[in-house]
Amino acid sequence: MELIHRPRRLRRHENIRRLVRETSLEPSQFVAPLFIKRGKGLKEPIDTMPGQYRLSADELSKEAGALVRVGVGAVNLFGYSESKDDGASASYDPEGVIPSAVRAVKKTHPELCVQTDIALDPYSIHGHDGLVIEGEVANDETVEVLCRMALAHAEAGVDWVAPSDMMDGRVGAIRDALDGAGFEHVGILAYSAKYASCFYGPFRGALDSAPRKGDKKSYQMDPANRREALKEIALDIEEGADVVMVKPALAYLDVIAAARAEFDVPIAAYNVSGEYGMIVAAADRGLIDRDAAILESLLAIRRAGADMILTYFAREAAGLLAR
Ligand code: PBG
């Protein structure tokens, strides 16, 4: 054949392929979500998420050390709360599980980027991300509590707060609250386009936080919508978000790509618990190659346009990349 273009020339061997590779995957782009519970020396396996644990603050510091050694520079902390009430009062306790963990890990690893989840679901009896008033998740009342929670975390030394609740106006309100208290340096990683997804199931088992009644569709987005994601992201940027997030990641790569094309701020994507579970389960049954599936799916999320990825595979993937 007389061909001018032979794309295979650029695939002949690995060193050539590397020269023309368009997307990189680095441990520094990963954020490890971690589940924190009160206690000492606690590393409790999570039934719904094989390979993931609930850690006490001292174990968190050890895990942070392991992450730093493989090049992962950020953790995102979720609190397991034994105390749950209607007002989610444990969420803003300055001595609560998360502020204590932040202080502990910042003491041992001051350079680690420590992020904390801001939402009420692990701390409330009903399992919703906001306060339930007369059967509805009440927006403005919730935002006040979220601000108190963000302040408690800021006082403990967090780098970024990450509101995952999807209330309207919470990014601006949290920014005001932080600035008003002298925490101008604390960043906001906003869960901007967070969908009402079945892929959060395993996570809710980790925190015992599934809604007791109903679902989260009155605040999390309809999986059918893409334009609406761009609107949510635009609002969060206007309100002062430093980084915006699309969640879940793998079933929403088009949303990540659309956000990348439209906005210049850093974009995070959350490779959520159900996405983790699908790879773990399929690999356990011998249906796919675990290592290859991890790296290929993380690469896909980066190729779609995410700068950073929250992933339960953070440590494992960093290890794979170092081989
Ligand atoms: C709750 C929250 C959820 C996740 C992160 N923050 C669950 C939910 O919205 O019900 C899901 C993360 C995952 O599935 O890995 N504020």
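First listed ligand is number 1; within each ligand, the first listed atom is number 1. Values below: all heavy atoms of this structure, side chains included; hydrogens, waters and symmetry mates excluded. For reference, positions follow the sequence shown, starting with 1.
A salt bridge links R170 with D236: the closest approach of a Lys/Arg side-chain nitrogen to an acidic carboxylate oxygen falls below 4.0 angstrom.
Here the closest heavy-atom approach between residue R290 and residue I279 is recorded as O-CG2, 4.3 Å.
Side-chain atoms of E63 and Y53 form no donor-acceptor pair, as typed in the model, at a separation below 3.5 Å. In summary, the side chains of T311 and E275 do not present any donor paired with an acceptor at a separation below 3.5 Å, with no hydrogens or angles considered.
Atoms of ligand 1 lying under 4.0 Å from at least one heavy atom of Q220, given by number and element, are 8 (C), 9 (O). Near F199, meaning under 4.0 Å from one of its heavy atoms, ligand 1 places the atoms 14 (O). The ligand atoms of ligand 1 that sit less than 4.0 angstrom from a heavy atom of Y270 are 12 (C), 15 (O). Near A119, meaning under 4.0 Å from one of its heavy atoms, ligand 1 places the atoms 16 (N). In the vicinity of F78, heavy-atom distances shorter than 4.0 Å reach the ligand 1 atoms 5 (C), 6 (N). The Y312 neighbourhood of ligand 1 comprises atoms 12 (C), 13 (C), 15 (O), with distances under 4.0 Å to a heavy atom of that residue.
Stacking of K194 on the aromatic ring of Y200 is recorded, both the 6.0 Å distance cut-off and the 45° axial limit being met.
Taking the six-membered ring where tryptophan is involved, the planes of Y312 and Y270 are tilted, since the angle between them lies from 30° to 60°.
Distances from ligand 1 to the non-hydrogen atoms of D165 include no value under 4.0 Å. The closest approach between Y276 and ligand 1 stays at or above 4.0 Å for every heavy atom of the residue.
F313 has its ring centre no less than 6.0 Å from the ring centre of F30.
Counting only heavy atoms of the protein, atom 14 (O) of ligand 1 lies nearest to S273 OG, 2.7 Å. Remark: minimum distance from atom 1 (C) of ligand 1 to any protein heavy atom is reached at D121 OD2, 2.8 Å. In this structure, the protein non-hydrogen atom closest to atom 2 (C) of ligand 1 is K194 NZ, 3.2 Å.
Considering backbone and side-chain atoms together, Y191 places no N or O closer than 3.5 Å to any N or O of ligand 1.
Of the candidates P163, S197, S164, A162, S164 brings a heavy atom nearest to atom 16 (N) of ligand 1. Remark: among candidates K216, E275, K247, the nearest residue to atom 6 (N) of ligand 1 is K247, based on non-hydrogen atoms.
Between the side chain of R260 and the backbone N or O of F263 there is at least one donor-acceptor pair closer than 3.5 Å.
The closest side-chain heavy-atom distance from V97 to Y123 is below 4.5 Å.
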